Peer 1: 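Please read through the structure below; I'll follow up with questions.
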Amino acid sequence: MLSLKTNKPTIKGKELMASHAGRGNAGNCWLVFFILIASCFPVFAAQNGAEEEGSEPASLLPGEARSTLLKTSLLLAAKAEEDAGPGSLGSLFGDDEEVQKSPKQGQASAAQGGGIKGSIRFEAARTVASPVHWSKMLTRADLSSQGDLGNGVKWKSGIRIGYDAVYDLYDFYPGRVRHDQRYDFSLRENYLDVSSGDWDYRLGKQHVVWGEMVGLFFADVVSAREMREFILPEFDTMRIPQWAARAEYFKDDYHAELLWIPVASYDNVGKPGAEFFPYQPQPAGVAVSYRNEDRPSRSLSHGNYGIRLSTLKNGWDVSGFAYSSMDVAQTFYRDSVSVPGTFIYQARHDRIQQYGGTLAKDFGDIVLKAEAVYTHGRQFTVLRLADDNGLVPQNTLDWAVGLDFSLPADTRLNVQLYQRDFFSHDADLLYEPRETGYSLLLNHKFTNTLEAEALWIASINRTDWLFRPKLVWNFERNWRLSVGADVFKGPALGFFGRYDAKDRVYSEVRYSF
């Protein structure tokens with residue numbers, strides 16, 4: 001349910017997961033056990049894969065990845081022991097000692113940080129459309145810590161470490177894809193918060209979320225996204241933090257936000273040959289190749305900046321923003337001249353201007369949300385072969401409106417209608433002048449630990465849809481098991497239909513602390 005408060009909000013990023021402090025030795029042992037099992041899992045998968053696919057069994061995890069995982073497990077176990085106190089791993093092995101801290105020691109500890117938080121997960125996915133293959137065997141840790149330095153100054157630091165064994169166990173993907181997606185080490189939110197009167201300042205790598213609808217991005221124009229799995233991961237996982245300086249002003253029911261991003265991050269779509277790479281149109285009899293992405297140089301002229309104003313009046317939460325940026329999304333330029341009979345595509349980023357707003361209102365058991373964004377300067381693909389770059393500029397208006405219903409028996413229903421309107425529509429665009437779609441999300445809790453969810457997103461203009469059923473079992477405190485499927489249907493150039501041959505089933509085991 002939407003929480004509408006009139007007091008001054010606190011400027012801080014979303015917490016990744018709940019605190020680990022005070023868990024018991026059972027949770028600590030499970031943590032170490034899970035990471036060790038995740039480290040060894042590729043051995044069993046390799047043996048099974050060899051029997052199914054006729055391939056040779058792959059070796060164990062590479063030493064570097066296995067060492068990283070084991071070190072992470074020992075680090076977290078040590079941290080868990082420190083936080084848990086008596087009854088922790090130390091007492092389990094007979095070497096626990098109670099440590100008495102002086103008041104000054106306690107104050108210093110609090111000022112330095114609040115412990116390590118985050119999650120460790122193992123995700124597996126198997127693409128069931130032909131050809132059947134394993135498409136993910138990912139072990140990932142998201143770790144963060146935060147603290148208070150005093151005098152109105154706070155900090156947060158986070159990293160992500162991941163290893164996907166599917167690229168070592170099988171040769172399904174080309175070498176450049178394996179090199180790009182096998183390992184993942186990235187900085188997450190790393191920033192300083194400074195408060196002074198009615199002003200809050202945040203400096204560093206951070207999430208800036210200006211809108212949040214179900215299943216798709218609309219007013220969330222600042223965030224770069226991890227798109228190597230299309231829009232399938234959770235949004236908190238997909239968002240890539242931006243290096244930014246942000247100032248927020250709070251006064252009564254009003255809120256102003258100034259944003260400057262000197263060095264921007266951009267969507268990560270992966271390499272050609274990846275499972276969800278956004279392939280471009282290929283006419284019959286024409287070969288296609290892709291150059292490396294051309295990202296803007298790190299200069300002040302390529303920085304992003306914007307302003308957002310919001311207010312809360314009579315339960316209506318309303319905001320408006322203006323934002324100038326190098327587009328976080330790729331525009332694929334086409335070269336049809338350099339090599340006769342071949343289209344050479346290259347992803348680039350153009351400067352765009354965006355103006356939009358959001359609103360939300362709580363009507364008891366119903367929550368209304370709406371977002372709208374006008375975009376100037378973005379270019380779109382046309383099928384006209386005479387165009388050298390295959391693009392035409394088109395100004396667009398994207399809007400979405402949704403209703404969230406709290407129903408009896410722990411059931412939630414979300415309904416959304418969305419549309420993209422093209423101004424001065426070009427007849428050779430891949431899209432119609434008005435592209436309209438809708439989404440339905442149904443969630444039901446059977447018990448306190450078991451729930452089911454189904455998400456349906458579809459186009460009204462054509463048969464083009466995505467269906468995502470999922471079952472979630474919180475089988476132990478801080479542990480979650482998810483199983484589900486992602487099913488695509490539509491034409492080859494459809495938003496969802498282009499992945500018609502990527503239907504998959506998946507599972508995830510996650511430990512949060």
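Here the structure is a predicted model, which means the values were calculated and not measured. Worth knowing before you read on, the calculation uses all heavy atoms, side chains too, and leaves out hydrogens, waters and symmetry mates.
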Peer 1: Hey, is Arg121 close enough to Asp142 for a salt bridge, meaning N to O under 4.0 Å?
Peer 2: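 Salt bridge present between Arg121 and Asp142.
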Peer 1: Indicate yes or no: at least one non-hydrogen side-chain atom of Pro272 is less than 4.5 angstrom from one of Arg176.
Peer 2: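 They are in side-chain contact.
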Peer 1: If we ignore angles and hydrogens, is there a donor and acceptor under 3.5 Å between the side chains of Ser223 and His207?
Peer 2: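 Absent: no donor and acceptor within the cut-off.
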Peer 1: For the pair Arg510 and Glu234, find out whether any cationic side-chain nitrogen is under 4.0 Å from an anionic carboxylate oxygen.
Peer 2: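 Yes.
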Peer 1: Thinking salt bridges, do Lys136 and Glu229 make one under a 4.0 Å N-O criterion?
Peer 2: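 Glu229 and Lys136: salt-bridged.
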Peer 1: Check the angle between the aromatic planes of Tyr279 and Phe277 and answer parallel, tilted or perpendicular using the 30° and 60° thresholds.
Peer 2: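 Ring orientation of Tyr279 relative to Phe277: perpendicular.
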Peer 1: Between Arg480 and Ser512, does any side-chain donor sit less than 3.5 Å from a side-chain acceptor?
Peer 2: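 Result is no, nothing qualifies.
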Peer 1: Okay, side chain of Asp193, backbone of Asp200: is any donor-acceptor separation there less than 3.5 Å?
Peer 2: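 Answer holds: no.
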Peer 1: Are the charged groups of Glu226 and Arg228 less than 4.0 angstrom apart, N to O?
Peer 2: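 Salt bridge present between Glu226 and Arg228.
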Peer 1: Give me the ring orientation class for Tyr499 and Phe276: parallel if the planes are under 30° apart, tilted from 30 to 60°, perpendicular past 60°.
Peer 2: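 Plane angle over 60°, so perpendicular.
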Peer 1: Would you say the ring centroid of Tyr374 lies under 6.0 angstrom from that of Phe423?
Peer 2: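 Here the rings of Phe423 and Tyr374 have centres that are less than 6.0 Å from each other.
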Peer 1: Who passes side-chain contact (heavy atoms from CB on, under 4.5 Å) against Glu293, sequence neighbours left out?
Peer 2: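 Expected list: Arg295, Gln330, Ala347, His349.
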Peer 1: For the pair Tyr323 and Trp210, name the ring-plane relationship: parallel under 30°, tilted 30 to 60°, perpendicular over 60°.
Peer 2: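 Geometry flag for Trp210 against Tyr323: perpendicular rings.
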Peer 1: Could you check whether the rings of Phe250 and His255 sit parallel, tilted or perpendicular, using 30° and 60° as the cut-offs?
Peer 2: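 Parallel: the ring planes of Phe250 and His255 meet at under 30°.
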Peer 1: So, the side chain of Tyr345 versus the backbone of Pro281: is there a donor-acceptor pair under 3.5 Å, distance only?
Peer 2: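 Yes; judged by distance alone, with no hydrogens or angles, the pair exists.
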Peer 1: Could you verify whether a donor N or O on one side chain and an acceptor N or O on the other, from Arg378 and Thr331, lie under 3.5 Å apart?
Peer 2: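 No.
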